[in-house]
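Worth knowing before you read on, the calculation uses all heavy atoms, side chains too, and leaves out hydrogens, waters and symmetry mates.
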2 protein chains.
Amino acid sequence: MAPPIVSADVFLAVAEPRRRQILDLLREGERAVGELVERLGLAQPQVSKHLRVLKEVGLVCARKAGQRRLYSVQGAELRRVHEWVSQYERYWEHQLDRVKERAERETRRRGAGNKPGGKP
Amino acid sequence: MAPPIVSADVFLAVAEPRRRQILDLLREGERAVGELVERLGLAQPQVSKHLRVLKEVGLVCARKAGQRRLYSVQGAELRRVHEWVSQYERYWEHQLDRVKERAERETRRRGAGNKPGGKP
DNA sequence: TTGATCTATGCCGATATCAGCATATATTGA
DNA sequence: TCAATATATGCTGATATCGGCATAGATCAA
């Protein structure tokens with residue numbers, strides 16, 4: 001994986017399932033690369049590359065411990081994602097309201113959908 | 001944009017800035033493709049393609065109104081994103097705690113970081 | 001210093017994605 | 001039926017991304 005130049009974007013970083021997995025593992029606490037490799041069943045270089053992407057967007061940080069690097073979550077950047085997606089809460093909360101709204105849309109479609117009364 | 005075969009994934013769908021823009025516009029209410037084109041300053045085919053992706057992951061739905069298609073948000077799928085990212089709330093809430101934790105890590109690093117007392 | 005371990009980087013090929021352009025497919029109205 | 005409008009789809013080239021593999025760099029132990 002060549003040095004990610006463009007993708008300094010949290011949304012993109014998190015769109016990768018493996019990277020979400022890595023973050024989920026790190027939520028348990030600091031982990032060395034080797035431990036992540038073991039638990040992900042992924043090759044070591046791939047894990048290092050994903051970690052690099054995560055580091056570049058500020059989602060993880062690393063500290064040296066002997067010959068190992070211990071990575072941990074630095075999740076502040078996820079706040080942007082949380083704030084964005086939270087704007088859509090009303091679309092899954094109050095599921096009953098959604099059903100109702102859907103029904104209304106149905107009605108509208110059948111009733112005044114094309115044109116109020118104008119049909120061949 | 002060829003028919004997206006693989007990317008039936010909400011995280012990926014939402015990783016695209018334009019698609020988030022589209023959703024944000026649709027949050028104001030139903031919109032026809034043409035209106036989105038106008039407000040996004042993007043070419044019509046591109047908008048249609050992004051809408052298709054959003055539709056395939058269930059983030060929007062369309063209804064016919066004359067020769068136009070009115071798209072609206074169907075945000076229930078975003079719940080998955082919200083739930084995932086919410087697991088990381090502690091990383092940006094209580095900023096003071098974070099500072100404290102960071103300080104502790106610093107201490108650990110300096111104190112017992114490499115090896116308790118073993119240093120050239 | 002030498003060798004072993006742990007991690008990062010570089011290169012490769014396959015695939016996906018995006019924008020741009022042309023064009024096909026409705027749908028409406030004359 | 002024919003033209004106009006609105007939207008969808010197909011094709012193309014440029015770029016990004018991912019995994020696999022080899023290897024470089026760092027650190028520790030003897």
Exercise for the section: Using whole Å, report how far CG of B:Leu42 lies from C1' of D:dA8. Expected result: 15 Å

Handout entry: For A:Arg18, all residues meeting salt bridge (charged side-chain N to carboxylate O under 4.0 Å, His left out), sequence neighbours excluded
Key = none

Problem - Any residue meeting side-chain hydrogen bond (donor to acceptor under 3.5 Å, both in side chains) with B:Gln67, in chain and number order, not counting sequence neighbours - result: none

Practice task
Give the C-alpha distance, both sets of side-chain angles, the deciding distance and a yes or no for salt bridge (charged side-chain N to carboxylate O under 4.0 Å, His left out) between A:Arg79 and B:Glu93.
Solution key: CA-CA 9 Å; A:Arg79 182 175 194 161; B:Glu93 282 179 347; over 6 Å; no

Problem - Whole-Å distance separating the CD atom of B:Glu35 from the P atom of D:dT5 - result: 17 Å

Handout entry: Distance, rounded to the nearest Å, where B:Ile22 contributes CD1 and C:dC18 contributes C1'
Key = 13 Å

Fill in the blank from the handout: From the candidates D:dT7, D:dG20, C:dG20, the one with an atom nearest any side-chain atom of B:Gln46 is C:dG20

Practice task
Examine D:dA8: is either OP1 or OP2 under 4.0 Å from a nitrogen or oxygen in the side chain of B:Tyr71? Give yes or no.
Solution key: yes

Practice task
Quickly work out the B:Glu16 CD to C:dA16 P distance and round it to whole Å.
Solution key: 17 Å

Problem - Residues in side-chain hydrogen bond (donor to acceptor under 3.5 Å, both in side chains) contact with A:Glu38, at least two apart in sequence or another chain - result: none

Problem - side chain to side chain contact (heavy atoms under 4.5 Å, CB included) partners for B:Val33, two or more places apart - result: B:Val37, B:Gln44, B:Val47, B:Ser48, B:Leu51, B:Tyr71

Completion exercise
In whole angstroms, the gap separating C1' of D:dA8 from CD of B:Glu56 amounts to 13 Å

Exercise for the section: Write down the distance between CZ (B:Arg18) and C1' (C:dA19), rounded to a whole number of angstrom. Expected result: 9 Å

Considering only nitrogen or oxygen atoms on both sides, find all protein atoms under 3.5 Å from nucleotides 22-26 of chain C and state each distance.
none

Exercise for the section: Ignoring backbone atoms, test whether A:Arg68 places a side-chain nitrogen or oxygen under 4.0 Å from the OP1 or OP2 oxygen of D:dC28. Expected result: no

Practice task
Quick one: list whatever passes side-chain hydrogen bond (donor to acceptor under 3.5 Å, both in side chains) with B:Arg39, sequence neighbours left out.
Solution key: B:Glu28

Handout entry: C:dT17 OP1/OP2 closer than 4.0 Å to side-chain N/O of B:His50
Key = no

Exercise for the section: Would you please confirm or rule out a distance under 4.0 Å between OP1 or OP2 of C:dT9 and any side-chain N or O of A:Arg52? Expected result: yes

